[in-house]
Amino acid sequence: MAAASLVVGLAPRGALAGPNDYDGDWAMNLNCTANTVSGWAPLSMNIAITLRAGVGEAVRTGANPLGGRDTNRWSFRVNGNTIAIRNDGSANDGRTWVYRISGTAAGPTRFSLTGGNYTTSGNTLMRTCEGSFVSVAPAPGSLAATGGGRVQTAERSPAAPTARGTGGAATAPAQQPAAAAPARPAAT
């Protein structure tokens, strides 16, 4: 059975993601156009994914317009600053398909996705899709849990220290404004 791949950029530009940087619970939402081959209506999918050590899987089944059952097998694997998502879809009547979606990080907790649903051979685009991949419960210490502000170590980013997202290590903590002096009572 053929498989599709989804590649999504994960860390801010210039940063290198570690194997656990995107661990936690994520929600993938895809909105796809009508199927140009079968004429079936547009569809939306909401898929909950848990990433552990940069890997996650989900299997979703449901009724199709012909009265049969569809099964979509999703697998997710983080590799550096990208995530590859594969889908192998099948119906109980023997039909098969693949999804190939790609996207880029819009910060440490959200990715914008685009792509399509293809015949198993991958040669015929049946639907175009757009969506998002959003962190809903980040694992402690992950980029989503720290807002992407964690300091990178030299092993992960050999560039000279600069602000995160521009190719290097750390940013200084924000300065807190000084507390205002207490108000004096007005003279009477």
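- Of the possible donor and acceptor atoms, one in the side chain of T33 sits under 3.5 Å from a partner among the backbone N and O of T128.
- Listed here is the closest heavy atom pair of R127 and W40: NH2-CB, 3.8 Å.
- In this structure, P138 and A144 approach most closely via the heavy-atom pair CB-CB, 3.5 Å.
- Follow the hydrophobic side-chain contacts under 4.5 Å out from L113 and you never reach V134; the two are in separate clusters.
- Under a 3.5 Å cut-off, the side chain of T50 and the backbone N or O of G24 do not form any donor-acceptor pair.
- Of all heavy-atom pairs spanning V37 and N35, the tightest one is N-OD1, 2.7 Å.
- The distance from the CE atom of M28 to the CE atom of M45 is 6.5 Å, given to the nearest 0.5 Å.
- Residues S142 and D23 have side chains that never bring a donor and an acceptor to within less than 3.5 angstrom of each other.
- In this structure, the side chain of W26 engages the main chain of Y22 through a donor-acceptor pair within 3.5 Å.
- For the atom pair CZ (R100) and CG (L125), the distance works out to 8.5 Å, reported to the nearest 0.5 Å.
- Closest non-hydrogen pair, N64 versus L66, comes out as OD1-N, 2.8 Å.
- Few gaps surround CZ on R95; more than 12 heavy atoms of other groups in view lie less than 6.0 Å from it.
- Residues W74 and Y99 bring their aromatic ring centres within 6.0 Å.
- At distances below 3.5 Å, at least one donor-acceptor pair connects side-chain atoms of N117 with backbone N or O atoms of V98.
- Once rounded to the nearest 0.5 Å, the distance linking CG of D88 with OG1 of T96 reads 9.0 Å.
- W97 contributes atom CH2, which lies 8.0 Å from atom CE of M126 (distance to the nearest 0.5 angstrom).
- Residue pairs meeting the disulfide bond (SG atoms under 2.5 Å apart) criterion with at least one member in residues 23-59, sequence neighbours excluded, are C32-C129.
- Between the side chains of T109 and S135, no donor N or O sits under 3.5 Å from an acceptor N or O.
- For R69, the salt bridge (Lys or Arg N to Asp or Glu O under 4.0 Å) test picks out no residue, with sequence neighbours left out.
- Distance check, rounded to the nearest 0.5 Å: CG of N31 to CG of N46 gives 7.5 Å.
- A58 approaches I47 most closely through the heavy-atom pair CB-CG2, 4.0 Å.
- Checked by atom type, the side-chain pair D70/N72 shows no donor-acceptor distance below 3.5 Å.
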